[in-house]
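Bear in mind that the values here come from a model prediction, so they are computed numbers and not experimental data.
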Amino acid sequence: MMEKSILSSFIVAVVLLFNSCATNPVTGKKDIIFMSEEQEIAMGQQADPEIVAQYGLYQDPALQRFISEKGQQMAAISHRSNLKYEFKIVDSPVINAFAVPGGYVYFTRGIMAHFNNEAQFAGVLGHEIGHITARHSAQQQSKSILAQVGLIATMVISPELAQFGEAASQGLGLLFLKFGRDDERESDRLGVEYSTKIGYDAKEMADFFITLQREQQSSGNAALPDFLSTHPNPEDRYETVHQLAAEWKQKTNLNNPQVNRNSYLKMIDGLVYGEDPRQGFVENSIFYHPELRFQFQIPANWQHQNSPSQFQMASKDGKAMMVLMLAKGESLQAAAQQSLQNYGLQAVDSKSVTVNGLPALAVVADPQQQQQQQQQQQQQQQQIRALLYFIQHGNYIYNLVGVTAVNDFNSYMPLFTNSMQSFQNLTDASKLNKQAERIRIVTVARNSTLAQALRANNMPDNRLEELAMLNGMQLTDQLQQGTLIKIIGQ
(Lines give C-alpha, C1' and ligand atoms only; values in the text may rest on other atoms or scores of the structure.)
Protein backbone atom coordinates (compact mmCIF):
# COMPACT_ATOMS: atom_id res chain seq x y z
CA MET A 1 0.00 0.00 0.00
CA MET A 2 1.12 3.60 -0.46
CA GLU A 3 3.57 4.97 2.07
CA LYS A 4 2.01 8.41 2.25
CA SER A 5 -1.73 8.61 1.93
CA ILE A 6 -3.77 11.31 0.25
CA LEU A 7 -5.62 11.68 3.53
CA SER A 8 -2.51 12.74 5.45
CA SER A 9 -1.71 15.28 2.74
CA PHE A 10 -5.13 16.81 3.07
CA ILE A 11 -4.84 17.03 6.83
CA VAL A 12 -1.53 18.87 6.51
CA ALA A 13 -3.00 21.18 3.90
CA VAL A 14 -6.02 21.98 6.04
CA VAL A 15 -3.92 22.69 9.12
CA LEU A 16 -1.46 24.94 7.30
CA LEU A 17 -3.94 26.84 5.16
CA PHE A 18 -7.09 26.97 7.23
CA ASN A 19 -7.45 30.71 6.90
CA SER A 20 -6.30 31.01 3.30
CA CYS A 21 -8.41 32.88 0.77
CA ALA A 22 -8.11 32.83 -2.99
CA THR A 23 -9.93 34.34 -5.94
CA ASN A 24 -12.21 31.83 -7.65
CA PRO A 25 -11.12 31.76 -11.33
CA VAL A 26 -14.72 31.31 -12.49
CA THR A 27 -16.68 33.72 -10.28
CA GLY A 28 -13.93 36.22 -9.47
CA LYS A 29 -15.02 36.12 -5.83
CA LYS A 30 -12.88 35.37 -2.78
CA ASP A 31 -13.23 31.81 -1.52
CA ILE A 32 -11.79 30.08 1.50
CA ILE A 33 -9.46 27.53 -0.06
CA PHE A 34 -7.51 25.05 2.03
CA MET A 35 -4.60 24.72 -0.39
CA SER A 36 -2.58 26.84 -2.77
CA GLU A 37 -2.59 26.16 -6.50
CA GLU A 38 0.87 24.61 -6.16
CA GLN A 39 -0.40 22.24 -3.49
CA GLU A 40 -3.48 21.52 -5.58
CA ILE A 41 -1.26 20.51 -8.51
CA ALA A 42 0.93 18.41 -6.21
CA MET A 43 -2.19 16.70 -4.85
CA GLY A 44 -3.23 15.67 -8.34
CA GLN A 45 0.28 14.49 -9.17
CA GLN A 46 0.23 12.27 -6.09
CA ALA A 47 -3.30 10.96 -6.66
CA ASP A 48 -2.88 10.13 -10.35
CA PRO A 49 -0.50 7.15 -10.07
CA GLU A 50 -2.56 5.78 -7.18
CA ILE A 51 -5.74 5.91 -9.26
CA VAL A 52 -3.99 4.31 -12.24
CA ALA A 53 -2.54 1.59 -10.01
CA GLN A 54 -5.93 0.95 -8.39
CA TYR A 55 -7.99 0.65 -11.58
CA GLY A 56 -5.62 0.36 -14.49
CA LEU A 57 -5.94 2.24 -17.76
CA TYR A 58 -8.24 0.97 -20.49
CA GLN A 59 -6.06 0.10 -23.46
CA ASP A 60 -7.66 1.68 -26.53
CA PRO A 61 -5.25 4.10 -28.28
CA ALA A 62 -7.90 5.60 -30.57
CA LEU A 63 -10.35 6.29 -27.75
CA GLN A 64 -7.59 7.64 -25.52
CA ARG A 65 -6.41 9.92 -28.32
CA PHE A 66 -9.97 11.19 -28.76
CA ILE A 67 -10.51 12.16 -25.12
CA SER A 68 -7.04 13.73 -24.90
CA GLU A 69 -7.56 15.86 -28.01
CA LYS A 70 -11.02 17.03 -26.95
CA GLY A 71 -9.85 17.55 -23.39
CA GLN A 72 -6.91 19.74 -24.38
CA GLN A 73 -9.09 21.69 -26.80
CA MET A 74 -11.59 22.39 -24.04
CA ALA A 75 -8.95 23.09 -21.38
CA ALA A 76 -7.49 25.78 -23.63
CA ILE A 77 -10.74 27.81 -23.53
CA SER A 78 -11.44 27.15 -19.83
CA HIS A 79 -10.99 29.55 -16.92
CA ARG A 80 -7.75 27.82 -15.87
CA SER A 81 -5.94 27.18 -19.14
CA ASN A 82 -2.61 27.54 -17.31
CA LEU A 83 -2.94 24.09 -15.72
CA LYS A 84 -1.36 21.03 -17.29
CA TYR A 85 -4.39 18.80 -17.87
CA GLU A 86 -4.39 15.05 -18.29
CA PHE A 87 -7.34 12.95 -19.48
CA LYS A 88 -7.51 9.19 -18.99
CA ILE A 89 -9.87 6.24 -19.36
CA VAL A 90 -9.76 3.91 -16.35
CA ASP A 91 -10.66 0.25 -16.68
CA SER A 92 -13.82 0.18 -14.59
CA PRO A 93 -17.38 -0.84 -15.56
CA VAL A 94 -18.85 1.74 -13.16
CA ILE A 95 -20.66 4.56 -14.98
CA ASN A 96 -18.68 7.60 -13.85
CA ALA A 97 -16.42 10.50 -14.69
CA PHE A 98 -14.46 12.36 -12.03
CA ALA A 99 -11.78 14.99 -11.55
CA VAL A 100 -9.09 15.55 -8.93
CA PRO A 101 -7.25 18.78 -8.17
CA GLY A 102 -4.58 20.08 -10.49
CA GLY A 103 -6.06 19.15 -13.87
CA TYR A 104 -6.61 15.38 -13.81
CA VAL A 105 -9.83 14.10 -15.40
CA TYR A 106 -10.89 10.45 -15.62
CA PHE A 107 -13.61 8.66 -17.54
CA THR A 108 -14.46 5.03 -16.85
CA ARG A 109 -14.98 2.72 -19.79
CA GLY A 110 -18.44 2.22 -18.26
CA ILE A 111 -19.47 5.79 -18.95
CA MET A 112 -17.84 5.77 -22.40
CA ALA A 113 -20.07 2.82 -23.25
CA HIS A 114 -23.18 4.79 -22.30
CA PHE A 115 -22.51 7.94 -24.34
CA ASN A 116 -24.35 7.91 -27.65
CA ASN A 117 -22.62 10.78 -29.38
CA GLU A 118 -19.63 13.11 -29.06
CA ALA A 119 -21.76 15.98 -27.76
CA GLN A 120 -22.84 13.98 -24.70
CA PHE A 121 -19.23 13.19 -23.97
CA ALA A 122 -18.25 16.85 -24.46
CA GLY A 123 -20.91 18.03 -22.01
CA VAL A 124 -19.67 15.71 -19.27
CA LEU A 125 -16.07 16.58 -20.13
CA GLY A 126 -16.90 20.26 -19.64
CA HIS A 127 -18.71 19.44 -16.41
CA GLU A 128 -15.62 17.71 -14.98
CA ILE A 129 -13.22 20.42 -16.17
CA GLY A 130 -15.63 22.84 -14.50
CA HIS A 131 -15.05 21.14 -11.16
CA ILE A 132 -11.35 21.85 -11.58
CA THR A 133 -11.62 25.42 -12.89
CA ALA A 134 -14.05 26.41 -10.12
CA ARG A 135 -11.79 24.59 -7.62
CA HIS A 136 -14.60 22.31 -6.43
CA SER A 137 -12.36 19.28 -6.25
CA ALA A 138 -9.78 21.18 -4.24
CA GLN A 139 -12.46 22.17 -1.73
CA GLN A 140 -14.42 18.92 -1.61
CA GLN A 141 -11.87 16.15 -2.01
CA SER A 142 -10.56 16.42 1.54
CA LYS A 143 -14.11 16.42 2.91
CA SER A 144 -15.03 13.45 0.76
CA ILE A 145 -12.06 11.35 1.80
CA LEU A 146 -12.41 12.27 5.45
CA ALA A 147 -16.14 11.57 5.49
CA GLN A 148 -16.56 8.77 2.98
CA VAL A 149 -13.51 6.54 3.33
CA GLY A 150 -14.55 2.92 3.08
CA LEU A 151 -14.08 -0.09 0.89
CA ILE A 152 -17.39 -0.02 -0.92
CA ALA A 153 -18.93 3.29 -1.89
CA THR A 154 -22.39 1.84 -2.53
CA MET A 155 -23.00 1.11 1.15
CA VAL A 156 -22.55 2.67 4.56
CA ILE A 157 -19.52 1.21 6.30
CA SER A 158 -19.51 1.71 10.06
CA PRO A 159 -16.85 4.17 11.29
CA GLU A 160 -14.61 1.60 12.93
CA LEU A 161 -14.40 -0.41 9.70
CA ALA A 162 -13.91 2.69 7.59
CA GLN A 163 -10.92 3.59 9.76
CA PHE A 164 -9.23 0.32 8.87
CA GLY A 165 -10.34 0.46 5.25
CA GLU A 166 -8.88 3.88 4.54
CA ALA A 167 -5.44 2.56 3.66
CA ALA A 168 -6.86 0.12 1.13
CA SER A 169 -9.40 2.33 -0.58
CA GLN A 170 -8.10 5.79 -1.45
CA GLY A 171 -8.69 5.25 -5.16
CA LEU A 172 -12.25 4.10 -4.62
CA GLY A 173 -12.95 7.22 -2.56
CA LEU A 174 -11.75 9.30 -5.48
CA LEU A 175 -13.86 7.37 -7.95
CA PHE A 176 -17.00 8.19 -5.98
CA LEU A 177 -16.07 11.75 -5.03
CA LYS A 178 -19.24 13.74 -4.41
CA PHE A 179 -19.98 17.43 -4.72
CA GLY A 180 -22.80 19.57 -3.36
CA ARG A 181 -25.79 20.82 -5.30
CA ASP A 182 -24.41 24.33 -5.84
CA ASP A 183 -21.12 22.96 -7.15
CA GLU A 184 -22.99 20.63 -9.50
CA ARG A 185 -25.15 23.44 -10.85
CA GLU A 186 -22.06 25.54 -11.47
CA SER A 187 -20.31 22.64 -13.22
CA ASP A 188 -23.41 22.08 -15.37
CA ARG A 189 -23.23 25.72 -16.43
CA LEU A 190 -19.53 25.40 -17.20
CA GLY A 191 -20.10 22.14 -19.04
CA VAL A 192 -22.60 23.90 -21.30
CA GLU A 193 -20.29 26.89 -21.80
CA TYR A 194 -17.14 24.88 -22.54
CA SER A 195 -18.76 22.30 -24.82
CA THR A 196 -20.54 25.03 -26.78
CA LYS A 197 -17.30 26.97 -27.21
CA ILE A 198 -15.65 24.01 -28.91
CA GLY A 199 -18.62 23.58 -31.24
CA TYR A 200 -20.88 20.94 -29.67
CA ASP A 201 -24.63 20.89 -29.08
CA ALA A 202 -24.68 21.29 -25.29
CA LYS A 203 -28.31 20.23 -24.87
CA GLU A 204 -27.16 16.65 -25.50
CA MET A 205 -25.68 16.66 -21.98
CA ALA A 206 -29.22 17.05 -20.63
CA ASP A 207 -30.37 14.05 -22.66
CA PHE A 208 -27.53 12.01 -21.18
CA PHE A 209 -28.74 12.90 -17.69
CA ILE A 210 -32.01 11.14 -18.54
CA THR A 211 -30.09 7.97 -19.44
CA LEU A 212 -28.27 8.17 -16.13
CA GLN A 213 -31.50 8.69 -14.24
CA ARG A 214 -32.95 5.56 -15.83
CA GLU A 215 -29.81 3.60 -14.92
CA GLN A 216 -30.06 4.82 -11.34
CA GLN A 217 -33.70 3.78 -11.06
CA SER A 218 -33.02 0.35 -12.53
CA SER A 219 -29.99 -0.38 -10.38
CA GLY A 220 -31.43 0.62 -7.01
CA ASN A 221 -28.52 1.34 -4.68
CA ALA A 222 -25.82 0.38 -7.16
CA ALA A 223 -23.01 2.82 -7.80
CA LEU A 224 -23.70 5.54 -10.33
CA PRO A 225 -22.01 8.78 -11.34
CA ASP A 226 -21.27 11.33 -8.67
CA PHE A 227 -23.16 13.98 -10.61
CA LEU A 228 -26.43 12.14 -9.95
CA SER A 229 -26.01 11.31 -6.26
CA THR A 230 -26.92 14.32 -4.02
CA HIS A 231 -27.59 16.75 -6.76
CA PRO A 232 -30.24 18.93 -8.42
CA ASN A 233 -33.56 17.38 -9.33
CA PRO A 234 -33.04 15.66 -12.72
CA GLU A 235 -36.11 17.27 -14.28
CA ASP A 236 -35.06 20.76 -13.17
CA ARG A 237 -31.55 20.03 -14.30
CA TYR A 238 -32.74 18.88 -17.71
CA GLU A 239 -34.70 22.09 -18.28
CA THR A 240 -31.88 24.30 -16.97
CA VAL A 241 -29.27 22.73 -19.23
CA HIS A 242 -31.54 23.05 -22.26
CA GLN A 243 -32.08 26.73 -21.48
CA LEU A 244 -28.37 27.36 -20.90
CA ALA A 245 -27.52 25.54 -24.13
CA ALA A 246 -29.82 27.83 -26.10
CA GLU A 247 -28.32 30.91 -24.45
CA TRP A 248 -24.70 29.89 -25.12
CA LYS A 249 -25.52 28.91 -28.68
CA GLN A 250 -26.80 32.45 -29.21
CA LYS A 251 -23.84 34.06 -27.36
CA THR A 252 -21.31 32.23 -29.50
CA ASN A 253 -23.27 32.49 -32.76
CA LEU A 254 -23.02 28.72 -33.12
CA ASN A 255 -25.15 27.98 -36.16
CA ASN A 256 -24.22 24.36 -36.70
CA PRO A 257 -23.65 22.67 -33.31
CA GLN A 258 -22.06 19.25 -33.65
CA VAL A 259 -23.54 16.01 -32.29
CA ASN A 260 -21.51 13.41 -34.22
CA ARG A 261 -23.49 10.32 -33.30
CA ASN A 262 -22.27 7.86 -35.90
CA SER A 263 -18.60 8.75 -35.56
CA TYR A 264 -18.75 8.21 -31.79
CA LEU A 265 -20.59 4.89 -32.05
CA LYS A 266 -18.09 3.56 -34.58
CA MET A 267 -15.26 4.61 -32.26
CA ILE A 268 -16.58 2.55 -29.31
CA ASP A 269 -17.29 -0.56 -31.40
CA GLY A 270 -15.52 -3.36 -29.47
CA LEU A 271 -15.38 -1.53 -26.13
CA VAL A 272 -15.42 -3.96 -23.17
CA TYR A 273 -18.84 -3.84 -21.48
CA GLY A 274 -19.45 -4.77 -17.85
CA GLU A 275 -17.00 -6.82 -15.83
CA ASP A 276 -13.84 -7.93 -17.62
CA PRO A 277 -13.28 -11.62 -16.81
CA ARG A 278 -9.54 -11.17 -17.15
CA GLN A 279 -9.69 -9.14 -13.93
CA GLY A 280 -11.96 -11.65 -12.23
CA PHE A 281 -15.72 -12.07 -12.07
CA VAL A 282 -18.44 -13.33 -9.74
CA GLU A 283 -20.96 -16.07 -10.51
CA ASN A 284 -23.21 -17.70 -7.93
CA SER A 285 -21.28 -16.16 -5.02
CA ILE A 286 -17.93 -17.45 -6.29
CA PHE A 287 -15.12 -15.14 -7.38
CA TYR A 288 -13.16 -16.53 -10.33
CA HIS A 289 -9.88 -15.15 -11.67
CA PRO A 290 -9.02 -16.87 -14.98
CA GLU A 291 -5.64 -15.21 -15.53
CA LEU A 292 -4.36 -15.98 -12.03
CA ARG A 293 -6.23 -19.32 -12.01
CA PHE A 294 -7.89 -19.25 -8.60
CA GLN A 295 -11.38 -19.11 -7.12
CA PHE A 296 -13.01 -18.71 -3.72
CA GLN A 297 -16.47 -18.42 -2.20
CA ILE A 298 -17.72 -14.99 -1.17
CA PRO A 299 -20.33 -14.54 1.57
CA ALA A 300 -23.89 -14.81 0.24
CA ASN A 301 -25.68 -11.49 -0.33
CA TRP A 302 -22.55 -9.44 0.30
CA GLN A 303 -21.87 -6.51 -1.99
CA HIS A 304 -18.59 -6.55 -3.87
CA GLN A 305 -16.36 -4.27 -5.93
CA ASN A 306 -13.59 -5.52 -8.20
CA SER A 307 -10.54 -3.67 -9.52
CA PRO A 308 -7.19 -4.74 -10.96
CA SER A 309 -5.47 -4.32 -7.59
CA GLN A 310 -7.98 -5.79 -5.14
CA PHE A 311 -11.37 -7.45 -4.70
CA GLN A 312 -13.51 -5.91 -1.96
CA MET A 313 -16.57 -7.32 -0.20
CA ALA A 314 -18.82 -6.06 2.58
CA SER A 315 -22.04 -7.01 4.30
CA LYS A 316 -25.01 -4.84 3.39
CA ASP A 317 -25.32 -3.55 6.95
CA GLY A 318 -21.69 -2.43 6.90
CA LYS A 319 -20.72 -4.43 9.98
CA ALA A 320 -18.04 -6.52 8.28
CA MET A 321 -15.85 -6.42 5.24
CA MET A 322 -13.30 -8.55 3.40
CA VAL A 323 -10.54 -7.73 0.93
CA LEU A 324 -8.40 -9.85 -1.36
CA MET A 325 -5.08 -8.44 -2.54
CA LEU A 326 -1.54 -9.51 -3.31
CA ALA A 327 0.97 -9.51 -0.46
CA LYS A 328 4.66 -8.72 -0.81
CA GLY A 329 7.28 -10.99 0.71
CA GLU A 330 9.62 -13.87 -0.01
CA SER A 331 7.73 -16.16 2.38
CA LEU A 332 4.36 -16.38 4.09
CA GLN A 333 5.91 -15.15 7.34
CA ALA A 334 7.64 -12.21 5.65
CA ALA A 335 4.46 -11.26 3.80
CA ALA A 336 2.46 -11.40 7.01
CA GLN A 337 4.97 -9.28 8.91
CA GLN A 338 5.08 -6.60 6.19
CA SER A 339 1.30 -6.53 5.75
CA LEU A 340 0.65 -6.22 9.48
CA GLN A 341 3.09 -3.34 9.63
CA ASN A 342 1.44 -1.61 6.67
CA TYR A 343 -2.01 -2.00 8.22
CA GLY A 344 -0.87 -0.91 11.67
CA LEU A 345 -1.88 -4.28 13.11
CA GLN A 346 -0.36 -6.49 15.78
CA ALA A 347 -0.85 -10.27 15.74
CA VAL A 348 -2.61 -11.83 18.73
CA ASP A 349 -2.63 -15.34 17.25
CA SER A 350 -0.89 -16.98 14.29
CA LYS A 351 -0.75 -20.51 12.92
CA SER A 352 0.31 -22.38 9.80
CA VAL A 353 -2.56 -24.01 7.91
CA THR A 354 -3.22 -25.74 4.60
CA VAL A 355 -5.91 -24.42 2.26
CA ASN A 356 -6.94 -27.00 -0.35
CA GLY A 357 -3.37 -28.25 -0.56
CA LEU A 358 -1.85 -24.72 -0.58
CA PRO A 359 0.48 -23.59 2.22
CA ALA A 360 -1.03 -20.73 4.22
CA LEU A 361 -0.72 -18.69 7.38
CA ALA A 362 -3.75 -17.61 9.45
CA VAL A 363 -3.39 -14.55 11.68
CA VAL A 364 -5.78 -12.83 14.10
CA ALA A 365 -4.73 -9.22 14.68
CA ASP A 366 -5.77 -6.00 16.38
CA PRO A 367 -4.74 -2.43 15.61
CA GLN A 368 -1.59 -1.57 17.55
CA GLN A 369 -3.21 1.39 19.29
CA GLN A 370 -6.10 -0.84 20.26
CA GLN A 371 -3.77 -3.05 22.29
CA GLN A 372 -3.34 -0.22 24.77
CA GLN A 373 -7.05 0.56 24.74
CA GLN A 374 -7.90 -3.01 25.58
CA GLN A 375 -5.63 -2.87 28.59
CA GLN A 376 -7.64 0.06 29.86
CA GLN A 377 -10.96 -1.49 28.79
CA GLN A 378 -11.96 1.71 27.01
CA GLN A 379 -14.01 2.33 23.88
CA GLN A 380 -14.66 -1.37 23.40
CA GLN A 381 -17.54 -0.66 21.05
CA GLN A 382 -15.17 1.05 18.60
CA GLN A 383 -12.44 -1.59 18.59
CA ILE A 384 -11.95 -3.81 15.57
CA ARG A 385 -10.33 -7.17 14.95
CA ALA A 386 -9.07 -8.75 11.74
CA LEU A 387 -8.57 -12.27 10.44
CA LEU A 388 -5.86 -12.47 7.78
CA TYR A 389 -5.00 -15.45 5.61
CA PHE A 390 -1.78 -15.48 3.59
CA ILE A 391 -1.96 -18.18 0.88
CA GLN A 392 0.85 -19.26 -1.43
CA HIS A 393 -0.47 -20.00 -4.93
CA GLY A 394 1.98 -20.26 -7.80
CA ASN A 395 4.43 -17.37 -7.72
CA TYR A 396 2.17 -15.14 -5.64
CA ILE A 397 1.09 -14.78 -2.03
CA TYR A 398 -2.55 -13.79 -1.68
CA ASN A 399 -3.82 -11.89 1.36
CA LEU A 400 -7.46 -12.29 2.37
CA VAL A 401 -8.49 -9.93 5.16
CA GLY A 402 -11.74 -9.98 7.14
CA VAL A 403 -12.51 -7.09 9.50
CA THR A 404 -15.30 -6.43 11.97
CA ALA A 405 -15.84 -4.98 15.46
CA VAL A 406 -14.33 -6.90 18.37
CA ASN A 407 -17.79 -7.63 19.78
CA ASP A 408 -18.90 -9.11 16.45
CA PHE A 409 -15.69 -10.96 15.63
CA ASN A 410 -16.71 -14.37 17.00
CA SER A 411 -19.95 -14.20 15.02
CA TYR A 412 -18.18 -13.38 11.74
CA MET A 413 -15.14 -15.61 12.31
CA PRO A 414 -16.78 -18.76 10.81
CA LEU A 415 -17.93 -16.80 7.76
CA PHE A 416 -14.46 -15.29 7.24
CA THR A 417 -12.81 -18.67 7.72
CA ASN A 418 -15.15 -20.55 5.37
CA SER A 419 -14.56 -18.01 2.62
CA MET A 420 -10.79 -17.96 3.05
CA GLN A 421 -10.48 -21.73 3.27
CA SER A 422 -12.44 -22.11 0.03
CA PHE A 423 -9.54 -20.54 -1.90
CA GLN A 424 -8.36 -23.07 -4.50
CA ASN A 425 -6.86 -23.61 -7.92
CA LEU A 426 -9.23 -22.83 -10.82
CA THR A 427 -9.46 -25.68 -13.33
CA ASP A 428 -12.96 -25.25 -14.84
CA ALA A 429 -12.39 -24.64 -18.57
CA SER A 430 -15.65 -22.71 -18.93
CA LYS A 431 -14.44 -20.18 -16.33
CA LEU A 432 -10.85 -20.08 -17.58
CA ASN A 433 -12.03 -19.31 -21.12
CA LYS A 434 -14.80 -16.85 -20.26
CA GLN A 435 -14.70 -13.87 -22.61
CA ALA A 436 -15.64 -10.28 -21.96
CA GLU A 437 -18.82 -8.84 -23.41
CA ARG A 438 -18.24 -5.97 -25.81
CA ILE A 439 -20.20 -3.15 -27.40
CA ARG A 440 -21.01 -4.02 -31.01
CA ILE A 441 -22.38 -1.42 -33.42
CA VAL A 442 -24.84 -2.70 -35.99
CA THR A 443 -26.97 -1.13 -38.70
CA VAL A 444 -30.76 -1.38 -38.52
CA ALA A 445 -31.79 -3.43 -41.55
CA ARG A 446 -35.32 -2.03 -41.95
CA ASN A 447 -37.71 0.49 -40.44
CA SER A 448 -38.70 -0.89 -37.04
CA THR A 449 -38.94 -0.21 -33.33
CA LEU A 450 -35.81 -0.47 -31.21
CA ALA A 451 -37.19 -3.64 -29.62
CA GLN A 452 -37.68 -5.23 -33.04
CA ALA A 453 -34.20 -4.19 -34.16
CA LEU A 454 -32.62 -5.67 -31.02
CA ARG A 455 -34.49 -8.96 -31.42
CA ALA A 456 -33.46 -9.08 -35.07
CA ASN A 457 -29.87 -9.03 -33.82
CA ASN A 458 -30.54 -11.97 -31.47
CA MET A 459 -30.62 -9.95 -28.25
CA PRO A 460 -32.51 -11.85 -25.49
CA ASP A 461 -35.75 -10.37 -24.15
CA ASN A 462 -34.40 -10.19 -20.59
CA ARG A 463 -31.77 -7.67 -21.73
CA LEU A 464 -33.89 -5.44 -23.97
CA GLU A 465 -34.50 -2.74 -21.35
CA GLU A 466 -30.80 -2.71 -20.45
CA LEU A 467 -29.95 -2.24 -24.12
CA ALA A 468 -32.57 0.48 -24.51
CA MET A 469 -30.87 2.46 -21.74
CA LEU A 470 -27.47 1.75 -23.27
CA ASN A 471 -28.75 3.27 -26.53
CA GLY A 472 -30.41 6.19 -24.77
CA MET A 473 -33.77 5.20 -26.27
CA GLN A 474 -37.12 3.63 -25.45
CA LEU A 475 -37.96 0.18 -26.79
CA THR A 476 -40.91 1.68 -28.64
CA ASP A 477 -38.83 4.30 -30.45
CA GLN A 478 -39.16 4.11 -34.23
CA LEU A 479 -35.87 3.65 -36.09
CA GLN A 480 -35.15 4.29 -39.73
CA GLN A 481 -33.33 1.78 -41.90
CA GLY A 482 -29.60 2.46 -41.72
CA THR A 483 -29.62 3.74 -38.12
CA LEU A 484 -26.66 2.60 -36.01
CA ILE A 485 -27.42 1.01 -32.63
CA LYS A 486 -25.49 -0.75 -29.87
CA ILE A 487 -25.86 -4.42 -29.12
CA ILE A 488 -23.79 -6.70 -26.87
CA GLY A 489 -21.51 -9.40 -28.25
CA GLN A 490 -18.05 -10.88 -27.83
Side-chain angles (χ1 to χ4, degrees), residues 1-5 49-56 149-152 161 163-172 278-280 287-299 304-314 320-368 384-404 409 412-413 415-426:
M1 307 309 297
M2 55 194 173
E3 295 180 0
K4 183 179 180 183
S5 71
E50 294 167 2
I51 293 170
V52 171
Q54 176 85 351
Y55 299 100
V149 161
L151 283 181
I152 297 199
L161 301 187
Q163 182 180 8
F164 175 85
E166 178 267 326
S169 60
Q170 295 290 1
L172 192 69
R278 295 176 304 169
Q279 298 175 6
F287 179 73
Y288 299 97
H289 203 299
E291 286 201 347
L292 298 176
R293 305 180 76 91
F294 70 81
Q295 67 180 70
F296 71 95
Q297 189 85 27
I298 69 174
H304 53 84
Q305 176 75 39
N306 190 27
S307 74
S309 62
Q310 57 188 249
F311 180 67
Q312 309 150 350
M313 303 150 277
M321 69 180 185
M322 294 177 63
V323 188
L324 168 73
M325 64 193 89
L326 288 173
K328 296 180 180 179
E330 296 297 323
S331 66
L332 291 171
Q333 289 73 19
Q337 183 177 359
Q338 182 172 341
S339 296
L340 290 173
Q341 183 178 354
N342 290 343
Y343 301 152
L345 296 175
Q346 182 173 331
V348 297
D349 187 27
S350 177
K351 62 180 179 180
S352 295
V353 295
T354 300
V355 176
N356 293 308
L358 303 172
L361 186 66
V363 181
V364 176
D366 293 337
Q368 293 175 358
I384 65 170
R385 179 160 290 169
L387 174 66
L388 304 93
Y389 264 57
F390 297 88
I391 305 172
Q392 181 80 51
H393 179 249
N395 296 323
Y396 298 106
I397 296 175
Y398 295 89
N399 181 201
L400 274 159
V401 184
V403 185
T404 188
F409 187 77
Y412 281 101
M413 177 75 164
L415 184 146
F416 291 158
T417 303
N418 289 340
S419 181
M420 295 174 186
Q421 290 184 345
S422 71
F423 188 100
Q424 60 187 287
N425 189 39
L426 173 59

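Applying the 6.0 Å contact sphere to CD of Gln333 captures more than 12 heavy atoms from other residues, nucleotides or ligands.
Between Phe416 and Tyr412, the ring planes lie parallel to each other; the angle is under 30°, not in the 30° to 60° tilted range.
The distance from the CG atom of Leu292 to the CG atom of Leu326 is 7.0 Å, given to the nearest 0.5 Å. Separating the CG atom in Asp349 from the CG atom in Leu387 is a distance of 9.5 Å, to the nearest 0.5 Å. Here CG of Leu324 is found 9.0 Å from CG of Asn306. Values are rounded to the nearest 0.5 Å. Rounded to the nearest 0.5 angstrom, Ile298 CD1 and Asn418 CG are separated by 14.0 Å. Taking CD of Gln337 as the reference point, atom CG of Asn342 lies at 10.5 Å (rounded to 0.5 Å).
A pairwise comparison of heavy atoms in Ala360 and Val355 identifies CB-CG2, 3.7 Å as the closest pair. Scanning both residues, Leu415 and Pro299, for their nearest heavy atoms gives CD2-CG, 3.2 Å. Heavy atoms only, all atoms of each residue included: Val323 and Gln312 are closest at CG1-CG, 4.4 Å. Between Val403 and Ala386, the shortest heavy-atom distance links the atoms CG2-CB, 4.1 Å. Closest non-hydrogen pair, Ala334 versus Ser331, comes out as N-OG, 3.1 Å. Nearest heavy atoms, Ala347 versus Val363: CB-CG1, 3.7 Å.
If you look at Phe294 and Tyr398, their ring centroids are closer than 6.0 Å.
Under a 3.5 Å cut-off, the side chain of Ser422 and the backbone N or O of Ser419 do form a donor-acceptor pair. The backbone N or O of Gln310 lies less than 3.5 Å from a partner atom in the side chain of Ser307, making a donor-acceptor pair. With Gln392 contributing its side chain and Gly394 its backbone, the two residues share a donor-acceptor pair below 3.5 Å. Between the side chain of Ser309 and the main chain of Gln54, a donor-acceptor pair closer than 3.5 Å is present. Asn356 contributes a side-chain N or O that, together with a main-chain N or O of Gln421, makes up a donor-acceptor pair within less than 3.5 Å.
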Query raised in the report: Checking side chain to side chain contact (heavy atoms under 4.5 Å, CB included) for the pair His289/Leu426: CA distance, chi angles, key distance, verdict?
Result: CA-CA 8 Å; His289 203 299; Leu426 173 59; 5.9 Å; no

Requested in this report: Carefully, step by step, assess Leu345 and Leu388 under the rule side chain to side chain contact (heavy atoms under 4.5 Å, CB included).
Outcome: CA-CA 11 Å; Leu345 296 175; Leu388 304 93; 4.2 Å; yes

Requested in this report: Please step through side chain to side chain contact (heavy atoms under 4.5 Å, CB included) for the pair Tyr343 and Asn399, ending with a clear verdict.
Outcome: CA-CA 12 Å; Tyr343 301 152; Asn399 181 201; 2.9 Å; yes

Requested in this report: Give the C-alpha distance, both sets of side-chain angles, the deciding distance and a yes or no for side chain to side chain contact (heavy atoms under 4.5 Å, CB included) between Phe423 and Tyr389.
Outcome: CA-CA 10 Å; Phe423 188 100; Tyr389 264 57; over 6 Å; no

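Inter-residue side-chain proximity for Met420 and Met322 is flagged as met; some heavy-atom pair is nearer than 4.5 Å. Contact of the Asn425 side chain with the His393 side chain is registered, since non-hydrogen atoms from C-beta on lie closer than 4.5 Å.
Residues satisfying the ring-ring contact (aromatic ring centres under 6.0 Å, His included) criterion with Phe409, sequence neighbours excluded, are absent altogether.
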